[in-house]
Each structure stands twice: as C-alpha cells, then as structure tokens.
There are 2 protein chains.
Amino acid sequence: MNVIDQSGILGIATRLQRLSDRLRKDGLLIYKDHDIDFEPKWFPVIYSLHVKPLLSVVELAHEIGYTHPSTISLLKELEEQNLIRSVKDTADERRRLVQLTHKGSALIERMKPVWEIMITAFTALVDTKNNLMQAIIEVEEQLEKQSFLQRARATADL
Amino acid sequence: MNVIDQSGILGIATRLQRLSDRLRKDGLLIYKDHDIDFEPKWFPVIYSLHVKPLLSVVELAHEIGYTHPSTISLLKELEEQNLIRSVKDTADERRRLVQLTHKGSALIERMKPVWEIMITAFTALVDTKNNLMQAIIEVEEQLEKQSFLQRARATADL
DNA sequence: TAAATCTACGTAGTTAACTACATAAATGCA
DNA sequence: TGCATTTATGTAGTTAACTACGTAGATTTA
C-alpha cells in the first residue's frame with residue numbers, strides 16, 4: 001500500500017469509507033455502552049427532525065445532504081423502529097410530512113449526553129495539523145470554482 | 001445541509017464518496033479526451049503491475065490497499081479487457097500470479113502523459129490550507145493510537 | 001508422517017450510497 | 001380552463017466497497 005499513495009489520485013475515497021465504517025461500528029458500540037439501540041446512520045435524520053420538527057421528504061433530504069431515495073430508505077427503517085411517523089400534507093397531497101414519534105423524542109433525550117461524549121472524542125480525533133472537515137470543505141470549494149475535468153483540459157492545453 | 005455539518009460527526013464519508021465519484025467520472029472523460037478507454041478504478045492495479053510486474057492476488061490486494069475480494073473483481077474486469085493475464089504459481093499451486101499483457105503495457109505508455117496531466121490538476125485541487133491527503137493520514141494515525149470507541153469510553157469515565 | 005493449522009483464493013451475500021425512470025399532484029400560462 | 005411543465009415521492013436497478021465463509025494446498029508440529 002505504498003506505490004499508489006505517492007501519486008495518490010485514487011484511494012482517498014476508499015480510505016475515508018473505511019474510516020467512516022470504523023466510526024460507525026464504534027458509534028454503535030458507544031450507544032450500546034449506554035444501553036441505546038441506535039444506528040449512527042440514523043443520526044442526521046433524527047437530529048434534523050429534532051431541530052425542525054416537521055419536514056417533507058425532499059426538505060429532509062436536502063437538510064441531511066443526501067439524495068431523496070437514500071433518505072426514503074432511512075425513513076423506512078426509522079418508521080419500522082417507531083422513531084418517526086409521517087402524515088400527508090393536506091395542503092399539498094404530493095408531500096409526505098415526517099415527524100418524530102414520542103418514542104423518538106424520548107430517545108433523543110437519552111442520546112444527548114452520548115452525543116456530547118462522541119463529539120468530544122471525535123473532535124480530538126480530527127484535531128490534527130490538517131483538519132479533515134476543513135480539507136473536505138476546501139476541496140469542494142476548489143471544485144466549485146473549476147472541475148477536475150476543466151482543470152485537466154486547461155493543463156493539457158498548456 | 002447545515003444542521004449536521006456543525007456537529008459534523010457523520011456525513012464526511014458520504015461527501016468524500018461523492019467527491020470521489022466526481023473525480024472518477026471526470027477521470028473517465030479525461031481519458032476519453034485522449035481517446036483512451038480506461039476506468040479510473042483500474043488504475044491502482046495497472047499501476048502496481050507496471051511497477052511490480054508479477055504479483056499474486058493477495059500481494060496485489062495489499063499493494064493497492066483493498067481487500068482481496070474487491071481485488072478479484074477488478075482483476076476479472078481487467079482480464080475481460082485483455083489488459084492483464086494470470087498464471088498458476090508452479091511453486092505454490094494456491095497462488096495465482098498476475099501480470100500485464102502486451103496490450104496492457106502498451107496502454108500504460110499511452111496513459112503516462114495523461115497521468116501527468118491528472119496529477120497536476122489533482123494536486124492543484126487538493127493544495128489548500130488543510131491538505132486532504134495529509135488530513136486523512138493524520139486521522140488514521142490518531143485512530144491507531146486510540147480508537148473512537150476507546151476515546152468515547154475514556155471521555156465517559158471522566 | 002499424520003493431523004492440525006495457516007494461507008491463498010474464490011463465492012455469496014450485504015451495505016449504503018447512487019442514477020434513472022415512473023407517476024401523481026400542483027402550478028403556470030395561452 | 002385545459003395543456004404543459006414542474007415538483008414530490010416512490011421504485012428499480014447499479015456500484016464499489018465490504019464481511020463471512022468454504023475449499024484446497026502448504027507448512028508446522030507432536
């Protein structure tokens with residue numbers, strides 16, 4: 001695992017994916033330590049609904065930064081867990097409005113101190129010379145200015 | 001897409017995955033610009049075999065930093081493209097040794113100048129205040145010292 | 001040297017995201 | 001007001017990685 005890292009174009013995503021897998025697995029265990037049955041991937045949805053109690057599917061998708069089909073499948077799982085429920089928007093029949101159940105709200109209260117712990121641990125983890133979150137944001141900004149393709153074409157034209 | 005970013009524990013992987021998807025898609029087009037039919041995900045395998053011409057499946061997997069099943073599926077595709085071929089190791093019948101075909105080697109020569117272009121473009125892209133590659137390496141180092149789980153437990157015990 | 005263990009490879013099935021497409025309701029406009 | 005367009009949701013299928021498990025050959029050890 002050395003040859004590629006030097007040229008480095010690929011493999012970042014795989015590494016980040018693994019990193020995230022590890023964090024998710026540990027996240028699950030941290031919840032377990034506190035007798036909570038909760039999958040880390042549900043966090044964005046649950047947290048969004050905690051802050052904004054009534055959202056449509058697409059609003060929620062936008063809020064958590066996923067596509068709507070991904071969001072729908074998360075919602076399906078959360079509905080099975082009785083953590084959320086949904087109702088038709090009477091003003092716009094296409095829209096399905098999602099909200100926390102009582103069980104969902106109660107769970108959040110139990111999770112809050114655990115979130116504090118996770119945030120502390122996570123912050124320490126990424127608090128290195130080059131900040132991972134910042135780095136991603138910066139690269140996204142760079143890409144917005146000019147895509148990889150455009151950059152390559154510009155380079156080729158030199 | 002704001003609520004979550006602040007607490008930020010999750011979502012990094014998704015963002016990196018998308019980033020990588022974009023790079024891969026653009027990568028494909030950059031090759032196309034130069035009349036080359038090559039999928040960016042094949043790069044690690046091909047490049048490794050360019051540098052180390054004869055490798056077993058597991059050696060190769062280790063070289064590119066993937067699991068061996070992932071590697072096998074890449075090899076299957078590359079074999080279909082006639083870019084690589086494999087032979088049994090006569091000394092150890094379990095091992096399958098992989099190498100570039102003539103077509104594979106020839107393609108590499110055509111790709112080399114394109115790689116130069118990509119490396120230049122990519123380097124510019126990630127050359128921001130917080131270096132993405134470095135950030136990932138640093139977090140991996142942090143995790144090696146102490147896992148997320150251990151950190152959370154230590155935090156909880158305070 | 002036979003049995004137990006280890007190693008290499010392969011297959012099957014899972015996961016968590018995605019894109020593409022379909023349908024129904026709402027909106028805009030001629 | 002009726003048709004065209006847009007928007008919201010849902011479904012199906014894809015992708016690129018993974019883990020778990022099985023088998024066959026090689027190695028170690030009692």
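Residue numbers begin at 1 in each chain, while the letters A, B, ... track the order of the sequences. Treat the numbers as computed from the prediction; the structure is a model and nothing was measured.
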Selection from [options] that lies nearest to any side-chain heavy atom of [X]:
X	options	value
B:Glu93	C:dA16, D:dA26, C:dA25	D:dA26
B:Gln17	C:dA16, C:dA17, C:dA25	C:dA17
B:Pro69	D:dA12, D:dT19, C:dA17	D:dT19
A:Val58	C:dG10, D:dG25, D:dT9	D:dT9

Parallel, tilted or perpendicular, as decided by the 30° and 60° cut-offs, for the rings of A:Phe43 and A:Tyr47: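 Because their plane-to-plane angle is under 30°, the rings of A:Tyr47 and A:Phe43 count as parallel.
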Would you kindly give the [atom1]-to-[atom2] distance between [X] and [N], to the nearest whole Å?
X	N	atom1	atom2	answer
B:Leu74	C:dC9	CG	P	15 Å
B:Leu23	D:dA16	CG	C1'	15 Å
B:Asp92	D:dT23	CG	P	20 Å
B:Asp89	D:dA26	CG	P	9 Å
B:His68	C:dA12	NE2	P	13 Å

Sugar-phosphate only, base, or nothing, as touched by B:Lys76 at under 4.0 Å among non-hydrogen atoms: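 Sugar-phosphate: the residue B:Lys76, judged by heavy atoms under 4.0 Å, touches backbone atoms but no base.
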Touch class at under 4.0 angstrom, heavy-atom based, for A:Ala61 against every strand present: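 Here A:Ala61 touches no strand at all.
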Should [X] be listed as having a side-chain N or O under 4.0 Å from OP1 or OP2 of [N]?
X	N	value
B:Arg95	D:dA24	no
B:Tyr66	D:dC18	no
B:Arg96	C:dG10	yes
A:Ser70	C:dA17	no
A:Arg18	D:dC18	yes

N/O donor-acceptor pair under 3.5 Å between A:Ser147 side chain and A:Leu143 backbone: no
Within 6.0 angstrom of B:Asp157 CG, more than 12 heavy atoms from elsewhere: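 Counting other residues, nucleotides and ligands, CG of B:Asp157 exceeds 12 neighbours.
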B:Lys103, NZ: over 12 other non-hydrogen atoms inside 6.0 angstrom: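 For B:Lys103, atom NZ is crowded (more than 12 foreign heavy atoms under 6.0 Å).
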Which residue lies more 5' along DNA chain D, comparing B:Glu77 with A:Ser56 via nearest heavy atoms: A:Ser56
Salt bridge present between A:Glu77 and A:Lys41 (N-O < 4.0 angstrom):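 A salt bridge is present here (some side-chain N lies under 4.0 Å from a carboxylate O).
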Side-chain donor/acceptor contact of A:Arg94 with base of D:dT7 under 3.5 Å: yes
